[in-house]
Q: 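Next up is a structure, given as structure tokens.
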Amino acid sequence: MPELPEVEVTRLGLIPLLNKTICRVDIRNHSLRWPINKNLPKILKNQQLVELKRRSKYILAKFTNGTLIIHLGMSGHLSILPLTSPIQKHDHVDFIFHNDGPILRYTDPRRFGSILWTQNNPMEHKLLFNLGPEPLDNDFDANYLYKKIKGKKQCIKSAIMDAHNVVGIGNIYASEALFYSKIRPQRRSCNVTKKEYSDLVKFIKIVIKDAIIKGGSSMSDFFDVSGENGYFQNEHKVYGREGMLCYACESIITQKRIAQRSSFFCKKCQK
DNA sequence: CTGTAGACCTGGAGGC
DNA sequence: TGCCTCCAGGTCTACA
């Protein structure tokens with residue numbers, strides 16, 4: 001489900017919970033990607049949510065005495081619900097604020113997500129400390145990306161999806177940014193020109209920004225914490241459009257498996 | 001060090 | 001209906 005825009009939309013939706021205090025945590029299933037700390041209910045009781053940040057696709061929810069590091073995996077979802085909201089099959093964790101709600105509920109059918117607790121600086125956590133730059137930060141520019149991956153034989157799509165190079169770009173936005181940049185996803189990074197890197201960085205920023213503004217891409221199941229759909233999926237130029245006409249040249253959009261991930265591109269527009 | 005394949009897990013879609 | 005196969009927004013780990 002979630003790439004950077006969907007995670008950021010989720011984070012923004014959690015802001016109404018700021019400064020609220022947790023009175024209870026119910027864990028119905030501990031086994032996410034990594035097991036949830038069994039002491040979490042005890043640890044979080046009476047702690048106040050003081051800050052909501054994001055790094056890469058991780059939501060960092062800072063409490064009085066530490067930080068929850070939340071990743072939504074492929075199918076994870078957070079929602080803000082009233083206390084009486086019925087529990088569904090994949091609702092694994094409830095964070096209950098005050099005595100009478102609201103609940104912050106973590107739902108995740110595939111359980112590829114994670115909920116980790118740290119008392120240290122989360123940026124130094126082993127999952128976060130060696131990540132690449134945020135795509136919207138100024139230190140992610142054409143020069144940086146060119147220097148970082150120009151020598152690699154790996155295909156350009158895999159390279160921009162590698163969080164060591166730049167974070168937050170998943171399968172949808174990689175295909176979209178490469179379309180706007182007129183670069184075929186299977187091109188090797190070492191064969192991409194400096195001018196193309198410049199376009200690629202420019203369009204990665206545009207696509208990510210635009211997707212955040214439009215509430216993310218709601219494919220089969222993404223919706224924000226209030227249950228609202230994003231509508232960036234209506235803007236997809238190539239992702240999920242195999243067999244349909246390219247909006248730019250009216251050729252047929254091609255789907256091809258590249259590095260185990262399905263990829264979409266226009267053979268005519270993208271060289 | 002580099003790049004790739006496998007692993008984790010559930011559910012939905014489509015074929016027979 | 002039911003069973004089977006394939007596919008899905010991620011990314012860590014093991015291995016060549």
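Within every chain, numbering begins at 1; the chains are lettered A, B, ... in the order of the sequence lines, protein sequences first and strands thereafter.
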Q: Quickly work out the A:Phe223 CZ to C:dG9 C1' distance and round it to whole Å.
A: 13 Å

Q: Count the heavy atoms of every other residue, nucleotide or ligand shown that sit under 6.0 Å from CZ of A:Arg28, and state whether that count exceeds 12.
A: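 Yes, enclosed.
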
Q: Just how far, in rounded Å, is C1' of C:dC12 from CG of A:Leu116?
A: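 Rounded to the whole Å, the gap is 13 Å.
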
Q: DNA chain C: A:Phe264 or A:Leu131, which has the more 5' nearest nucleotide?
A: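 Closest to the 5' end, via its nearest nucleotide, is A:Phe264.
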
Q: Does OP1 or OP2 of C:dG10 have a side-chain N or O of A:Tyr58 closer than 4.0 Å?
A: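 Checking C:dG10 against A:Tyr58, no side-chain N or O comes under 4.0 Å of OP1 or OP2.
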
Q: Do A:Lys152 and A:Ile149 come close enough that some side-chain heavy atom pair is under 4.5 Å?
A: yes

Q: Would you check if the side chain of A:Asn171 reaches a backbone N or O of A:Ser262 as a donor-acceptor pair within less than 3.5 Å?
A: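 Answer holds: yes.
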
Q: Can you tell me how far P in B:dC9 sits from the matching atom in C:dA14, rounded to whole Å?
A: 16 Å

Q: Given 3.5 Å as the limit, does a donor-acceptor pair link the side chain of A:Asp224 with the main chain of A:Glu228, or not?
A: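 Confirmed, A:Asp224 side chain pairs with A:Glu228 backbone.
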
Q: Can you measure A:Leu32 atom CG to C:dG10 atom P for me and round it to whole angstrom units?
A: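 One finds 17 Å between P of C:dG10 and CG of A:Leu32, rounded.
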
Q: Between B:dG3 and C:dG9, how far is it from one C1' atom to the other, in whole Å?
A: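 After rounding to an integer number of Å, I get 23 Å for this pair.
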
Q: Between C:dT11 and B:dC1, how many Å separate the two P atoms, rounded to a whole number?
A: 22 Å

Q: Side-chain N or O of A:Ser262 versus OP1/OP2 of C:dC7: is the shortest distance under 4.0 Å?
A: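 No, outside the criterion.
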
Q: Rounded to the Å, how far apart are A:Met74 CE and C:dT11 C1'?
A: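 The distance from CE of A:Met74 to C1' of C:dT11 comes to 10 Å, rounded to the nearest Å.
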
Q: Do A:Lys150's NZ or CZ and the ring of A:Tyr146 fall within the cation-pi criteria of under 6.0 Å and 45°?
A: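 Yes - A:Lys150 lies over the ring of A:Tyr146, closer than 6.0 Å to its centre and within 45° of its axis.
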
Q: Starting at CD of A:Glu3 and ending at C1' of C:dG10, how long is that distance when rounded to a whole Å?
A: 9 Å

Q: Kindly say if A:Arg261 contacts the phosphate of C:dG9, meaning a side-chain N or O under 4.0 Å from OP1 or OP2.
A: yes

Q: Measure the distance from NZ on A:Lys157 to P on C:dT11 and round it to the nearest whole Å.
A: 13 Å

Q: Can you confirm if the aromatic rings of A:Phe232 and A:Tyr173 lie within a centre distance of less than 6.0 Å?
A: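 So the answer is yes for these two rings.
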
Q: In dot-bracket form, how is DNA chain B paired, counting a Watson-Crick or G-U wobble pair only if both its distances are under 3.5 Å and using | for bases paired to another strand?
A: .|||||||.|||||||

Q: So, A:Asp91 side chain and A:Gln88 main chain: donor-acceptor pair closer than 3.5 Å or not?
A: yes

Q: How would nucleotides 3-12 of chain B be written as a contact map, 5' to 3', with B for base contact, S for sugar-phosphate-only contact and - for no contact, using protein heavy atoms under 4.0 Å?
A: SSB--BBBS-

Q: Starting from C1' on C:dT11, measure out to CZ on A:Phe129 and report it in whole angstrom.
A: 15 Å

Q: Do any N or O atoms from the side chain of A:Arg184 and from the backbone of A:Lys267 form a donor-acceptor pair under 3.5 angstrom?
A: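 Yes, the answer is positive, given that a donor and an acceptor are paired below the 3.5 Å cut-off.
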
Q: Do A:His92 side-chain atoms and A:Asp108 backbone N/O form a donor-acceptor pair below 3.5 Å?
A: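 Yes; at least one donor-acceptor contact below 3.5 Å.
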
Q: Please confirm whether A:Arg241 makes a cation-pi placement over A:Tyr247, using NZ or CZ under 6.0 Å from the six-membered ring centre and within 45° of the ring normal.
A: yes

Q: Measure CG/A:Asn130 against P/C:dT13 and give the value in whole Å, please.
A: 11 Å

